[in-house]
Structures are given as C-alpha cells and as structure tokens.
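Below: one structure, written as structure tokens.
Chain letters run A, B, ... following the sequence lines, proteins first and then strands; every chain starts at 1.
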Amino acid sequence: MIDLRLLRDDPDRVRASQQARGEDPHAVDVLLAADERRRAAVSRADSLRAEQKAFGRAMQAASVDERATLRARGGELSAEVKLAEAEQSAADEALRPARLAVPNVIEHGAPAGGEDDFVVLETVGEIPTYDGWSPRDHLELGELLGAIDVDRAAKVSGARFYFLTGVGALLELALVNLAVAQAVAVGFIPVIPPVLVRPEAMEGTGFLGAHAAEVYRLEADDRYLVGTSEVPLAAYHAGEVLDAARLPLRYCGFSPCFRREAGSYGKDTRGIIRVHQFDKVEMFSFCRPEEAAVEHRRLLAWERQFLGALELPYRVIDVAAGDLGSSAARKFDCEAWVPTQERYREVTSTSNCTDFQARRLGIRMRTAEGVRPLATLNGTLCAVPRFIVALLENHQQPDGAVRVPAALRPWLGGREVLEPAG
RNA sequence: GGAGGCUUCGCCUAGUCCGGUCUAUGGCGCCGCACUGCUAAUGCGGUUUGGGUUAAUCCCCAUCCCGGGUUCAAAUCCCGGAGCCUCCGCCA
C-alpha cells in the first residue's frame, strides 16, 4: 500500500515509477482524486461530530423539560452525522481500490521495462562442458539414482507432483539442513510456520491481487495454502509495533509451498522445475526503511553464498520494473545454469518491499522520533526442487553418477558421490 | 462436535449489572525535570494509536477485540463475528 503523503508531496515520482513499470500513470491521478474526496468527507464528518458532541453536553446539563424540546434538534444532528458518515465510508471505500491499483514505487536504479529487460549484474562459475558425451537431464538422472519418481506421483496426485525417494529424499534434507545452518550462523531465527492461513494474511502480503489465481483456497474453511513462507513470516508481526532498536529482525522459514501454476500449461512439463508443491527455505527481514537497500544486498549475498557452497554456476539479474510484482521496489534473481536447457533458470529471488507490504499489514516500528512503518524484505535461500535440478545436472558424471559438493557432504553422511541404483 | 468464561491506551488492572464531564482509574515499565559524591531511592510532570487541519504549534475527530443495531448520547444495552482459555466428547 502506497504512502499517501508521498503521493501528495511528489506525485511525479510515482508517475515516473508507473511509467518504468509499463503501467498507467493515470492511476496516480485517480488515486489523488480519491484521496482528495476522502479528506473532504472526513473534514465534514469530523466537524459535524464535534457539533453533536457539544450538543450532547448541553443535553446533559438541561432539565427534563428542556430535554424534550432539545431532542428534536438532536435527531436532526444525528441524521446529518449519519449522512456525513455514509459519505465518509463511501469515500473510504472508493479509495481502497484506487490505492491497491498503484504498486510500490520502484527503487532508483531498477531497470525500466518488462520481463526481458532485466540487467545481468554478474555471472559466476564455469559452465560445464561435455567431451564426447551428452549430459542427462535431471529427471533421467533422478530416475537412475532412484531419487525422483514422477510417474507414481501422477498416479497418486496428478501432474506436477513428484516423490523424492532414497537419496532424493536425503538430498532434500541435506539441502535444507545446509541452508538453515547457514542462516542460523548469521543470526536468523529459524521458523516452521503454518502454511494454511487466513485471507487477511494472504491479502496483506499482496498475493490476492494479480496472482490470486495462483493460490489454493480451501473453500470450506476460508483458508489459503501459502505459495511461500513469506506469507506467514510477514504476517507474523502483523498489527504490531516493533522496537526499532531490535531491527533488523531476521527469520528463516522452512515450509512447504503450494502453487496452482494456472496459466503455465505446457511450460516445464518435464521433471520437477515447475511443481504444485515443494519445500523451501526462505529468508525474511524486518528493518528500518533507511537500511532496506543495504539489507537487500545482504540477502542477495547470502543467496550467493549458498549457491557458491553448492558449486553451481549462476548469474545475478536485476529484474526490470515491469516484472517486479506489486509489492517489490527492486528484485534480484539468481539463476543457475541448467546444462540440458543450455540456459540459466531462476533458483532464488530477493525482493525489497520497502514499507509497502508493512503498511498493508500494519507493521510499524517505534523509534525515538515516533512510530512509523518499517521495511520488509524476502529472499529465497533454497527452493528444494530447483536446487536438486541444478545440482544433479551440473555435477553429473558420464556414468550418471552425481558428485556431491563438499559443503553438502556432512549432511549426507560424508557421501562424495551419488551412484545410480542397481 | 458440545458447554461455559474471557478480550479496556507497552504489560497488569478499575469501570460494564443501572448509558451522559469515561475528555477511561490505578500500578508497573518508559521518557523528562528536580533533589542527591555516583547509582539507587524519592518527588513532580509526561507517556495509546490513527486521521483531519496547519509553515509549525494549537485545535478537532475517531479509537475500550471486529462489524452492525437501539438512542439526542454507547467501553456500558441488543444482534452477528473473531481470537484466547477451561471442561466434555473424539482423535494422532
């Protein structure tokens, strides 16, 4: 939710942001008008209420006889107040959608344009080469290792589901352990959150807007299955005022994630790149807005540390304004090399939501100067299936075995290589 | 699934039966000032949050879990909902 004061004080900045996102700058003027109407309505209702209160005091002081005659005037006033309040709530009502229509103001430096207008910030690691043999894709490798079973998953649950079995299951646990250990080592509070949440949590984090079709809803109970633990982690402090001295407050959530993948028919149908359910280790930070940009770089650095520990080749992109989503002011994605696709694929993503998400969730901080919204940021540490894809494909050997990077070995009982099952 | 209780400005709490200076009591905590070799103790004052207005102050409005209703007037009365707790039943 955008700061209306910023909007009033500097509408051009908001218009420029809209332009960079490829969205309608006119939405800014619609919002300004709605804000104006609301303020007028509030002023009017406020003064009428003041009058009514004064009348109430007179009524109290009046004798029984006087009260009878005064009562008529009281009725009139009451009706006027009711009318003014109706206009006030109508104006409030009208403001809401106008406000939701304006996404977060982009951070200075974010590239303008759409999905393809990202800027590559850095490319890290060597792309593997294959002399005289062709690499197998992750599904073939997973089947050879007895690690991934999508056929039986289709039987049990349908398309875009998978069983991780044997070393596949162990691999997930190892990845999660490594990720959580890394996060805890730098001070994150580990969290296992609920993944079935109320509409307010979903709405507050911005997932019921343009991406509403992406989320699973449990009709009978009016609950949603989260697509990321960002939702419960952000909503964890909803409606609270945090002591600014305790910031940044960093949480690392481990949870299943559920995605309907509506509208992605035909995309990534093979293997486990795009699935309806997966586990993920997610970083989440509450910090002072002034520190948000720096904190964002820290989250990116921790993502890169994890990719580095797994010895994966990857690149970092600065996502273009039009591809940010409504809450993010800036977003960096890390994309790991996928040998059989001969391209980089997103494995992590970190967003700086500034105070936009916090405002909607009512999360504020108390500083010496007073209370104001804080900033929220999130970043993937390990989205399990995609990391398994990258790991299997990049570290495969000609015989279908997969080398285990040193950092992961302690979590796999010291195993250095995953061998194809008999 | 059933029965009952609770929810007040950071925390605890008075007030709710019987509507009106509730413009919400007191304690703790916190902030400021005074006093004091220092600290502590003590005294005095301040301390919900959001909005409107303003250059800023002042001032005004809302806010007693949330949403409706009754009334000239609601923390207080009525209806609906949420959360928490206790007990019974069922269940890993």
Nucleotide N/O of nucleotides 52-55 of chain B paired with protein N/O under 3.5 Å:
unit_1: B:rG52; atom_1: OP1; unit_2: A:R8; atom_2: NH2; d: 3.1
unit_1: B:rG52; atom_1: OP2; unit_2: A:R5; atom_2: NH2; d: 3.3
unit_1: B:rG52; atom_1: O2'; unit_2: A:S43; atom_2: OG; d: 2.7

Considering every strand shown, what is the Watson-Crick or G-U wobble mate of [N] when both distances are under 3.5 Å?
N: B:rA41; value: none
N: B:rC30; value: B:rG46
N: B:rA73; value: none
N: B:rC22; value: none
N: B:rG1; value: B:rC88
N: B:rG83; value: B:rC6
N: B:rA14; value: none

Sort me out a list of protein N/O and nucleotides 69-76 of chain B N/O pairs below 3.5 Å, or just none if empty.
unit_1: B:rA73; atom_1: OP1; unit_2: A:S78; atom_2: OG; d: 2.9

| said: salt bridge (charged side-chain N to carboxylate O under 4.0 Å, His left out) for A:R8 and A:E36? Distances and angles first, verdict last. | reply: CA-CA 10 Å; A:R8 277 174 228 156; A:E36 188 58 47; over 6 Å; no

Rounded off to whole Å, could you give me the [atom1]-to-[atom2] distance for the [X] and [N] pair?
X: A:Q88; N: B:rC61; atom1: CD; atom2: C1'; answer: 9 Å
X: A:R366; N: B:rC31; atom1: CZ; atom2: P; answer: 13 Å
X: A:D92; N: B:rA62; atom1: CG; atom2: C1'; answer: 12 Å
X: A:E200; N: B:rG67; atom1: CD; atom2: C1'; answer: 13 Å
X: A:M365; N: B:rG50; atom1: CE; atom2: P; answer: 12 Å

Step through the shown structure and confirm whether more than 12 heavy atoms of other residues, nucleotides or ligands are within 6.0 Å of [atom1] on [X].
X: A:R44; atom1: CZ; value: no
X: A:R217; atom1: CZ; value: yes
X: A:E200; atom1: CD; value: yes
X: A:R152; atom1: CZ; value: no
X: A:E290; atom1: CD; value: yes

| request: Report the residues that fulfil side-chain hydrogen bond (donor to acceptor under 3.5 Å, both in side chains) with A:D268, sequence neighbours left out, ordered by chain and then residue number. | output: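 side-chain hydrogen bond (donor to acceptor under 3.5 Å, both in side chains) list for A:D268, sorted by chain: A:R274, A:R345.
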
| field | Exercise: identify the closest heavy-atom pair between A:V167 and A:A147 | value |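 Heavy-atom minimum between the residues: CG2-CB, 3.9 Å.
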
[atom1] gap between [N] and [M], integer Å:
N: B:rA3; M: B:rG89; atom1: P; result: 15 Å
N: B:rG43; M: B:rA24; atom1: C1'; result: 26 Å
N: B:rG26; M: B:rG45; atom1: P; result: 11 Å
N: B:rU23; M: B:rG32; atom1: P; result: 31 Å
N: B:rC6; M: B:rG15; atom1: P; result: 13 Å
N: B:rC77; M: B:rC64; atom1: P; result: 14 Å
N: B:rC65; M: B:rC60; atom1: C1'; result: 26 Å
N: B:rG20; M: B:rU76; atom1: P; result: 11 Å

| request: Applying side chain to side chain donor-acceptor pair (under 3.5 Å), run through A:R304 and A:Y314 and close with a yes or a no. | output: CA-CA 9 Å; A:R304 297 180 49 166; A:Y314 66 95; 3.2 Å; yes

| request: Among A:D12, A:L7, A:I2, find the residue that satisfies the side chain to side chain contact (heavy atoms under 4.5 Å, CB included) test when tested with A:V28. | output: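 Looking at A:D12, A:L7, A:I2, the match for A:V28 under the side chain to side chain contact (heavy atoms under 4.5 Å, CB included) is A:L7.
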
| said: So if I take residues 236-250 of chain A and measure heavy-atom distances to RNA chain B, which residues fall below 4.0 Å? | reply: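 RNA chain B contact set from residues 236-250 of chain A: none.
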
| task | Determine: side-chain N/O of A:R364 to OP1/OP2 of B:rG50, distance under 4.0 Å, yes or no. | result |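 So the side chain of A:R364 is within the cut-off, an N or O lying under 4.0 Å from OP1 or OP2 of B:rG50.
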
| message | Less than 4.0 angstrom between a side-chain N/O of A:K53 and OP1 or OP2 of B:rA62, yes or no? | response |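 Indeed, a polar side-chain atom of A:K53 lies that close.
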
| field | Step-by-step side chain to side chain donor-acceptor pair (under 3.5 Å) determination, A:K280 to A:T228 | value | CA-CA 8 Å; A:K280 178 159 66 74; A:T228 161; 2.8 Å; yes

| Centroid-centroid distance, A:F284 to A:F286, less than 6.0 Å |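 Centroid distance A:F284-A:F286: below 6.0 Å, so yes.
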
| message | Please report whether the ring centroid of A:Y251 lies less than 6.0 Å from that of A:Y236. | response |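 For A:Y236 and A:Y251, the ring centres are under 6.0 Å apart.
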
Show me the protein contacts with nucleotides 90-92 of chain B, counting only N or O atoms at under 3.5 Å.
none

| task | First locate atom NE2 of A:H26, then atom CG of A:L31, and finally report the distance between them rounded to the nearest 0.5 Å. | result |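 One gets 11.5 Å once the value is rounded to the nearest 0.5 Å.
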
| query | After noting the C-alpha distance and the side-chain angles of A:H276 and A:F258, does the key distance pass the ring pair (Phe, Tyr, Trp, His ring centres under 6.0 Å) rule? | reply | CA-CA 5 Å; A:H276 288 308; A:F258 301 91; 9.9 Å; no

| task | Tell me which of A:V371 and A:A45 sits closer to the 5' end of RNA chain B, going by the nucleotide each one is nearest to. | result |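 Taking each residue's closest nucleotide, the earlier one in sequence belongs to A:V371.
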
| request: Would you please name every residue forming a salt bridge (charged side-chain N to carboxylate O under 4.0 Å, His left out) with A:R223, sequence neighbours left out? | output: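 A:R223 satisfies salt bridge (charged side-chain N to carboxylate O under 4.0 Å, His left out) with no residue once adjacent residues are dropped.
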
